[in-house]
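Per chain, numbering begins at 1; letters A, B, ... match sequence-line order.
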Number of protein chains: 2
Amino acid sequence: MLKVAHRTLELLEYICTSPQKEFSVTELSQRLGLNKTKVYRMLRVLAERDYLRHDEKTGRYHLGLKPLELGTQVAAKTGLLEVVSPYMEKLSREIKETINLAVMRSNKIVYIHKIESPHFLRTDLRVGTSVPVYCSALGKAMLAWLPEQEQEKILGALEMVAYTPHTITCLEDLKLELKRIRDKGYAVDNEEYISGITCIAAPILDGHKKPVAAISAAGPSLRLNGEKITQSGELIARYAAEISFRYGYSK
Amino acid sequence: MLKVAHRTLELLEYICTSPQKEFSVTELSQRLGLNKTKVYRMLRVLAERDYLRHDEKTGRYHLGLKPLELGTQVAAKTGLLEVVSPYMEKLSREIKETINLAVMRSNKIVYIHKIESPHFLRTDLRVGTSVPVYCSALGKAMLAWLPEQEQEKILGALEMVAYTPHTITCLEDLKLELKRIRDKGYAVDNEEYISGITCIAAPILDGHKKPVAAISAAGPSLRLNGEKITQSGELIARYAAEISFRYGYSK
DNA sequence: AATTGCGTTTCTATATTTGAAACAAGGAGG
DNA sequence: CCTCCTTGTTTCAAATATAGAAACGCAATT
């Protein structure tokens, strides 16, 4: 079952995900509840391969460039960004709001690419950050198209915190919402995570009809409302479907 | 010494780096000379964490999106791209050739970002690909500023193949060239890897004066020659120094 | 000088990994 | 339809790497 490998990757993911930039052995061992010696040895492995760097002066570890390098290679090989970027740029010109690309990671979504809105007033969810699935259009879009079994698994484990007065906090409501999303073809986040911000998203599906990612437009509810939501939603859904077609079969 | 962790990461890196897109257990075990059972189990670990995906139909493994996600997070956290991109864009406008950002990985350099030249005629080294250090301006720029000990280690292990008539194939010549590069402040690849392509690069140094990456301009020797090389080189070196200053101390 | 806190090393019982071999499942060919 | 390959996957005993408390060395602090 390769425990060490698992835990080493877990440690790497923890360090990459955490907002913190530098870590000491003791700190990490406490925070992850692991033996100090073990953490020390895993850090050495990661540092040896340049996933992390070891500052000899302070003894602390910070990020190396290997993950970025691998990410770049994966992006190049899967062609995800290559295929999606042109559509995102089209959406940017047509909708004139911030356009995002995100993937799902357990019960969160993680932004992996974005094109800034030309407007002065814009959302500031940076690439790399994550948001709970149930209160983001991107998350709901992917949830809605997930095979029932996997959907249930995620829904069952959700802790539904209210970030704003509009956040959906009842599981039944969420299930109804997911059904509506499938019917419409796109998801809308109506100020469910940040007050004043509306977001519209549609999923990118692979060859097995499973969502691999989602694209969205996000902006102030002052601009994104009424008819604009419907228009943008249909546009995003159409492009997402085209991307799905190209991505799902090109592999 | 955490062998399993090491080998699992090695396997991941192999899969990300290889031009191939799909792999079977047997194939990988043969290619890496490892026991089939072991490879099988490592692949399971990587697939479980979404570094890879397992196609249940064919039994083969292909890339997942976790590496891309981690890469994005590292890019966001280190701020490397955030700091470097604006300079790359300036260089693009001023030099009007393809601008690259690369890191060093053992005896190769790996492209991690690029801005295409506005010209029709342009180089086509895609992001994610790698080139031997000794015949690339980016590689030579980083080599030149590496601490002597590390430099020796890499130079000692080089196999110097001639890709073009201009490729440096003698170690002594390369050492002299590295000295010249340090004196000038920038490196030039004079058709040493691809005939007809010239490349000019300077290193980005961290707080310990060690190169973490390098930026370059690349284009047809027809346009990049004579005075243009000197001008571009000085510009690139100046910007690289500014980036070093900002990156080296912001950490 | 003593103490605290850190990264690192040591050491042995223990649990995990190892890998040949067996198994199951599918496809190719006769 | 059956056989023979070739897959991916599981089993199991032996070999080996890991775990983790404890000790160590070294700073910085008191």
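Of the N and O atoms on the side chains of B:R44 and B:H54, not one donor lies less than 3.5 Å from an acceptor on the other residue.
For DNA chain C, the neighbouring residues in residues 1-19 of chain B, judged by any heavy atom under 4.0 Å, are B:V4, B:R7. Only B:N35, B:T37, B:K38, B:R41, listed by number, bring a heavy atom of residues 29-42 of chain B to less than 4.0 angstrom from any atom of DNA chain C.
Between B:R44 and D:dG8 there is no side-chain polar atom (N or O) within less than 4.0 angstrom of OP1 or OP2.
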Would you list the atom pairs, donor with acceptor, under 3.5 Å between side chains in residues 142-157 of chain B and any protein atom, with sequence neighbours excluded?
| from | atom 1 | to | atom 2 | distance (Å) |
| --- | --- | --- | --- | --- |
| B:E150 | OE2 | B:K210 | NZ | 3.1 |
| B:Q151 | NE2 | B:L143 | O | 2.9 |

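Although no hydrogens or angles enter the test, the distance criterion places no donor-acceptor pair under 3.5 Å between the side chain of B:K77 and the main chain of A:G128. Panel note: side chain B:T129, backbone B:R126; a donor-acceptor pair is recorded below 3.5 Å. Between the side chain of B:S18 and the backbone N or O of B:Y14 there is no donor-acceptor pair closer than 3.5 Å. Proximity of a side-chain donor or acceptor of B:S244 to a complementary backbone N or O of B:L205 within less than 3.5 Å is detected.
No contact: B:R60 has no heavy atom under 4.0 Å from any strand.
In this structure, A:E242 does not pair ionically with A:R246, as no charged nitrogen and carboxylate oxygen lie closer than 4.0 Å. The pair A:E10-A:R7 does not count as a salt bridge, with every side-chain nitrogen at least 4.0 angstrom from each carboxylate oxygen.
Each end of the helix from C:dA1-D:dT30 to C:dG30-D:dC1 yields a helix axis from five base pairs, and these two axes differ in direction by 30° (to the nearest 10 degrees).
B:R105 is linked by a side chain to side chain donor-acceptor pair (under 3.5 Å) to A:D50, A:E69, counting only residues two or more places apart in sequence or in another chain.
Nucleotides of DNA chain C lying under 4.0 Å from heavy atoms of chain A occupy a range whose first and last members, 5' to 3', are C:dC6 to C:dT17.
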